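Everything numeric in this text was worked out from a predicted model, so none of it was measured. Letters go in sequence order (proteins before strands), and every chain restarts at 1.
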2 protein chains.
Amino acid sequence: MSKSEKTKENLLIAGQRLFWTRGFSNVSVREIAQAANVDVALISRYFGSKRGLFEATLEKLPAIDPEDFESAEQLVDAIVELFVTAPRRPGEASALTIILSNAGDPESSEPVREAFRRKWGEPMDRIIGDPAKSALMSAAMIGVSVAEKVLLLQGIAAPGDPAYEAQLRAMLEAALTFELVPAVELA
Amino acid sequence: MSKSEKTKENLLIAGQRLFWTRGFSNVSVREIAQAANVDVALISRYFGSKRGLFEATLEKLPAIDPEDFESAEQLVDAIVELFVTAPRRPGEASALTIILSNAGDPESSEPVREAFRRKWGEPMDRIIGDPAKSALMSAAMIGVSVAEKVLLLQGIAAPGDPAYEAQLRAMLEAALTFELVPAVELA
DNA sequence: TCAGCATGTCAACACCCGTTGACTTTTTTT
DNA sequence: AAAAAAAGTCAACGGGTGTTGACATGCTGA
């Protein structure tokens with residue numbers, strides 16, 4: 001790897017960590033440069049602009065590959081891994097945090113939305129077949145994440161709790177079989 | 001109403017509209033002042049600071065009163081009204097949008113979280129009895145809102161669709177009866 | 001060795017931010 | 001009508017923002 005490739009990589013890693021947790025507008029280029037041990041000017045040089053670096057980090061998001069799945073049920077495991085297990089590994093932020101921390105900013109929410117659609121939304125639609133159920137599963141994951149990370153609600157099992165993953169899995173399966181429109185009758 | 005009360009009111013209305021839709025850090029005091037036809041300096045004068053105005057707008061959020069409910073089931077109607085019907089009235093932003101558009105900003109997410117807890121979270125806990133189910137209902141509403149407003153997912157019935165409200169109601173009722181930990185068995 | 005390119009450094013740019021204090025205007029009270 | 005209080009105006013402050021271009025340094029091939 002050439003020298004410049006190495007500094008590009010450093011900027012990407014630092015940008016990823018900061019952008020993904022605090023959102024585009026809440027992180028400054030100088031802060032990223034300092035975290036990457038690199039001069040600020042190099043961000044504009046190598047990525048064109050702050051936004052360019054942001055979009056480059058989005059490219060590093062893991063994606064769902066429809067080829068890997070034969071049934072919708074198999075998807076649940078992958079989603080739990082992608083949205084819950086992986087983010088807990090050191091250095092890997094939650095994909096959902098990105099969505100949330102950029103929700104209010106029109107400039108950054110658009111590339112985030114596009115990345116989500118391309119990397120997860122469309123593959124999930126393809127696997128599940130029904131866009132409504134696919135959307136509902138996304139909604140379930142997002143809802144729990146917001147409740148846990150933003151509102152800091154008690155009651156939902158803590159992420160450290162071994163029951164947490166099972167609970168999310170159950171919610172996803174419920175979403176998968178949830179009868180949409182008209183409303184279901186419940187006891 | 002005295003003259004100053006009127007301009008305070010104008011600032012609150014403008015701040016409400018802008019803060020609640022675009023988030024604290026994505027709105028400038030000059031923009032609010034212009035929208036309220038008022039000088040910028042008056043924000044600091046009347047509310048102490050930008051943050052002071054922000055917190056003052058949060059006080060105008062509608063609240064849930066436990067006195068009004070005898071059963072958890074009655075709550076579903078109120079939540080749908082509060083989070084779905086009311087925001088569609090002109091000038092009233094969604095309470096959920098506030099949560100989302102401030103999720104990435106540590107400074108503003110704290111007062112938002114506090115307001116949420118005081119106005120909705122605790123009353124809901126009181127009515128439902130089980131904090132886990134209460135949290136799950138919040139999560140359901142949030143998830144659907146993010147899917148609809150942020151990710152712009154297709155598949156979930158559009159807000160204009162008469163089926164939309166019934167669908168949300170069904171989701172809330174499902175959350176209310178959803179068996180948490182251990183995972184439920186589904187067909 | 002020296003030219004040429006790649007890479008990194010630095011200071012400055014124009015701009016926007018929230019906040020402040022001195023000032024003028026308007027309203028109310030004496 | 002004069003004095004006092006309230007309300008509003010304006011310019012400037014220090015500081016942070018992303019971006020740029022001139023310059024210095026490093027490395028590489030002729």
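Regarding B/D39, its CG atom lies at a distance of 15 Å from the C1' atom of D/dA6, rounded to whole Å. Across the protein-nucleic acid pair, B/L11 atom CG and C/dT19 atom P stand 13 Å apart, rounded to whole Å. Rounded to a whole Å, the CG atom of A/N26 is 14 Å from the C1' atom of C/dC17. If you measure from atom CD1 of A/I43 to atom P of D/dG21, you get 17 Å, rounded to the nearest angstrom. D/dG8 atom C1' lies 15 Å from atom CD of B/E5, rounded to whole Å. Rounded to a whole Å, the CZ atom of B/R30 is 14 Å from the P atom of D/dC13. Here D/dT17 presents its P atom at 10 Å from CZ of A/R22, a figure rounded to the nearest Å. In this entry the distance linking CG of B/L42 with P of C/dC23 reads 18 Å, nearest Å.
Among the nucleotides C/dT19, D/dT19, C/dC10, the one closest to the side chain of A/V40 is D/dT19. The side chain of B/S2 lies closest to D/dA7, out of C/dA12, D/dA7, C/dG18. Here the side chain of A/A41 is nearest to one of D/dC10, D/dT20, C/dG18, namely D/dT20.
Few gaps surround CD on B/E5; more than 12 heavy atoms of other groups in view lie less than 6.0 Å from it. Heavy atoms from other residues, nucleotides or ligands lying under 6.0 Å from CD of A/Q34 number 12 at most.
Within the nucleic acid shown, A/Y46 comes within 4.0 Å of sugar-phosphate atoms alone, with no base atom in reach, counting heavy atoms only. Residue contacts for B/S28: at a heavy-atom cut-off of 4.0 Å it reaches the sugar-phosphate backbone alone, with no base atom in range.
Within the 4.0 Å cut-off from OP1 or OP2 of C/dA6, not a single side-chain nitrogen or oxygen of A/S4 is found. When the side-chain nitrogen and oxygen atoms of A/K50 are compared with OP1 and OP2 of D/dT19, none of them lie within a distance under 4.0 Å. Between A/T7 and C/dG8, a side-chain N or O to OP1/OP2 separation shorter than 4.0 Å is present. The phosphate of D/dG18 has neither OP1 nor OP2 within less than 4.0 Å of any side-chain N or O from A/S49.
One end of the helix from C/dT1-D/dA30 to C/dT30-D/dA1 points its axis 10° away from the other end's axis, with each axis taken from 5 pairs and the angle rounded to 10°.
Using a cut-off of 4.0 Å between Lys/Arg side-chain N and Asp/Glu carboxylate O, A/E31 and A/R22 are scored as salt-bridged. Look at A/R51 and A/E55 and you find a salt bridge, because one of the NZ, NE, NH1 or NH2 atoms lies within 4.0 Å of a carboxylate O, short of that distance. Here A/K60 pairs with A/E9 in a salt bridge; the nearest charged N to carboxylate O distance falls below 4.0 Å.
DNA chain C is contacted by both B/S44 and B/K3; B/S44 maps to the nucleotide lying nearer its 5′ end (nearest heavy atom per residue).
In terms of polar N and O atoms assigned as donor or acceptor, the side chain of B/R45 comes within less than 3.5 Å of the base of D/dG8 in a complementary pairing.
In this structure, OG1 on A/T97 lies 10.5 Å from CH2 on A/W20, to the nearest 0.5 angstrom. Note: A/Q16 CD to A/I32 CD1 = 11.5 Å, rounded to the nearest 0.5 Å.
Under 3.5 Å, the side chains of A/D125 and A/S134 contain a donor-acceptor pair of N or O atoms.
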